[in-house]
Amino acid sequence: MAEEPPPGSRPKPPMSRITRLSLRAVDYVADATRRADGTVNRRVLSLLDPRVPAFSSPCRGVASRDVVIDPTLRIRARLFHPARPAGDAKGAPLPVIVFFHGGGFAFLSAASLAYDAACRRIARYASAAVLSVDYRRAPEHRFPAPYDDGLAALRFLDDPNNHPADVPLQTSRCYLAGDSAGGNIAHHVARRYAADVPAFKNVRLAGVIAIQPFFGGEERTPSEFRLDGAPIVSVSRTDWMWRAFLPDGADRTHEAACFTSPRAAAGVDSPAFPPVLLVIGGYDPLQDWQRRYCEVLKDSGKDVRVLEYPDGIHAFFLFPGFDDARNLMTRIAEFVGESDDGGSD
């Protein structure tokens, strides 16, 4: 087992005072709304994390709208797309990035200010449509609810009748993306898709963009000890999140948390499991799990490209003040651009 470093020895990431205060506010929201009994105070959370509206008129070059992707379960998503030049009402079809927000499976939403802004930036940089899924959250909806909702988003896109008339979508170039818990969801939705490709007529996955994905296990890794107490992620918070999300009685060897679980191999062993762009931050306590994830995928013969950001804290890409956040947007755009063969649906 890894040894815990002595008090006061944990490194601190470089950041501005304003960013540090913003991160303290994020920590406060999580700690003020999660209860010891595993529930979330949704009333207080709604006050601390108000939903921002979609904008049909372009904001910073990107328009957005809310859509219902599963009427039965009332699952919604927010669709972002770059504004078309005047006189180009339709234009070339846009690749689609299905995005899953972070928040430990329990917090935040597609309409949270940070994720609305982040998806807007991704759409602008990548010249892509971004469908940000407002998946059901724990503990009210445990495993496998968000994975089911991710598949519902792919089924929604698979039916051309669901596509907006003014935003042509190239679903043969579809990506799954997310950060933290959202990166975990992107991975599991990808393997479920890869295990049942014939169920989809039009959607083809071209890649997974896993931004500091949230995985774990029963052991504690060196980075979890070394960086415990880092912004956003701590051992106590992640333990609470897994308890809130996993089925009653399950531990962190469950397939949702542990990618080495025998049940977690289904889909990954399929040729249809797409290339992965994996983002790792040097100040993220979860980085050891992310590197093991990379090793497992490579051992399975999968294409994995790793972006290392030595100064990156967990969720650094949500803070555009970081140079690394802007760089990541460029790298995502490059990854999405690689699949552009000039085709269309």
Query raised in the report: Say you draw a straight line from CZ of Arg43 to OG1 of Thr33; how long is it, rounded to the nearest 0.5 Å?
Result: 12.0 Å

Query raised in the report: Does Arg78 reach the side chain of Asp116, with side-chain heavy atoms less than 4.5 Å apart?
Result: yes

Requested in this report: Check whether the side chains of His254 and Arg263 place a donor and an acceptor atom closer than 3.5 Å, and report yes or no.
Outcome: no

Query raised in the report: Given the rule in the side-chain contact (heavy atoms from CB on, under 4.5 Å) test, do Leu154 and Phe200 qualify, once you have shown the distances and angles that lead to the verdict?
Result: CA-CA 8 Å; Leu154 293 185; Phe200 296 91; 3.6 Å; yes

Report task. Please examine the side chains of Val306 and Val304, heavy atoms only from C-beta on, and report whether any two atoms are closer than 4.5 Å. Result -> yes

**Report entry** Salt-bridge contact Arg173-Glu338 (side-chain N to carboxylate O under 4.0 Å)
**Finding:** no

Query raised in the report: Going by an N to O cut-off under 4.0 Å, is there a salt bridge joining Arg51 and Asp134?
Result: yes

**Report entry** From CG (Asp158) to OH (Tyr193), nearest 0.5 Å
**Finding:** 8.5 Å

Query raised in the report: Is Arg237 salt-bridged to Glu224, going by a charged N under 4.0 Å from an acidic O?
Result: no

Query raised in the report: Does one side chain, of Gln212 or Asp179, offer a donor that lies under 3.5 Å from an acceptor on the other?
Result: no

Query - Heavy-atom donor-acceptor pair, Tyr115 side chain to Gly102 backbone, under 3.5 Å - result: yes

**Report entry** Residue pair Ile211 / Ile332, side-chain heavy-atom distance below 4.5 Å
**Finding:** yes

Query - Whether Ser300 side chain and Lys302 backbone form a donor-acceptor pair below 3.5 Å - result: no

**Report entry** Ion pair check, Arg65 and Asp166, cut-off under 4.0 Å
**Finding:** yes

**Report entry** Any Val29 side-chain heavy atom under 4.5 Å of Phe107 side chain
**Finding:** no

Query raised in the report: Side chains of Tyr293 and Asn184: do they bring a donor and an acceptor to under 3.5 Å?
Result: no

Query raised in the report: For Ser22 and Thr19, does a side-chain donor sit closer than 3.5 Å to a side-chain acceptor?
Result: no

Report summary line: dist Leu278:CG -> Gln290:CD (nearest 0.5 Å) comes out at 6.5 Å

Query raised in the report: When rounded to the nearest 0.5 angstrom, what is the spacing between CZ in Arg243 and CZ in Arg34?
Result: 8.5 Å

**Report entry** Between Asp49 and Ser112: side-chain donor-acceptor atoms closer than 3.5 Å
**Finding:** yes

Query raised in the report: Does a salt bridge link Arg305 with Glu334, judged by any charged N lying under 4.0 Å from a carboxylate O?
Result: no

Query raised in the report: How about Trp240 and Phe105: are their ring centres within less than 6.0 Å of each other?
Result: no

Query raised in the report: Between Phe143 and Phe245, what is the ring plane arrangement, given parallel below 30°, perpendicular above 60°, and tilted in between?
Result: perpendicular

Query - Stepwise side-chain contact (heavy atoms from CB on, under 4.5 Å) check, Cys174 with Val98 - result: CA-CA 7 Å; Cys174 187; Val98 180; 3.9 Å; yes

Query raised in the report: Is the count of non-hydrogen atoms from other residues, nucleotides or ligands lying under 6.0 Å from Leu21 atom CG greater than 12?
Result: yes

Query raised in the report: Between His163 and Val67, is a side-chain contact (heavy atoms from CB on, under 4.5 Å) present by the stated rule, with each step listed?
Result: CA-CA 10 Å; His163 299 183; Val67 298; over 6 Å; no

**Report entry** Asp303 and Lys298 ion-paired at < 4.0 Å
**Finding:** no

Report summary line: When rounded to the nearest 0.5 Å, the distance separating OG of Ser64 from CG of Leu79 is 8.5 Å

Query raised in the report: With distance as the sole test, does Arg142 use its side chain to make a donor-acceptor pair with the main-chain N or O of Leu246 at under 3.5 Å?
Result: yes

Report task. Taking the side chain as every heavy atom from C-beta outward, state whether Val296 and Thr260 have any pair of such atoms under 4.5 Å apart. Result -> yes

Requested in this report: May I ask you to check whether Trp289 and Phe214 place their ring centres under 6.0 Å from each other?
Outcome: no

Query raised in the report: Are Pro231 and Met15 close enough that some pair of their side-chain heavy atoms sits under 4.5 Å apart?
Result: yes

Requested in this report: With the side chain counted from C-beta on, respond yes when Thr171 and Arg204 share a heavy-atom pair under 4.5 Å apart, and no when they do not.
Outcome: no

Requested in this report: Determine whether more than 12 heavy atoms belonging to other residues, nucleotides or ligands lie under 6.0 Å from atom CZ of Arg326.
Outcome: yes

Requested in this report: Please find out if less than 6.0 Å separates the ring center of His187 from that of Phe259.
Outcome: no

Query raised in the report: Got Arg76 and Ile69 here, is their nearest side-chain heavy-atom distance under 4.5 Å?
Result: no

Requested in this report: Enter the distance from Arg120:CZ to Ile122:CD1 here, rounded to the nearest 0.5 Å.
Outcome: 12.0 Å

Query raised in the report: Does the pair Arg331 and Val279 meet the rule for a side-chain contact (heavy atoms from CB on, under 4.5 Å), with working shown?
Result: CA-CA 10 Å; Arg331 302 300 292 275; Val279 179; over 6 Å; no

Report task. Sort and list the pairs that fulfil ring-ring contact (aromatic ring centres under 6.0 Å, His included) and have at least one residue in residues 311-332, not counting sequence neighbours. Result -> Tyr309-Phe316

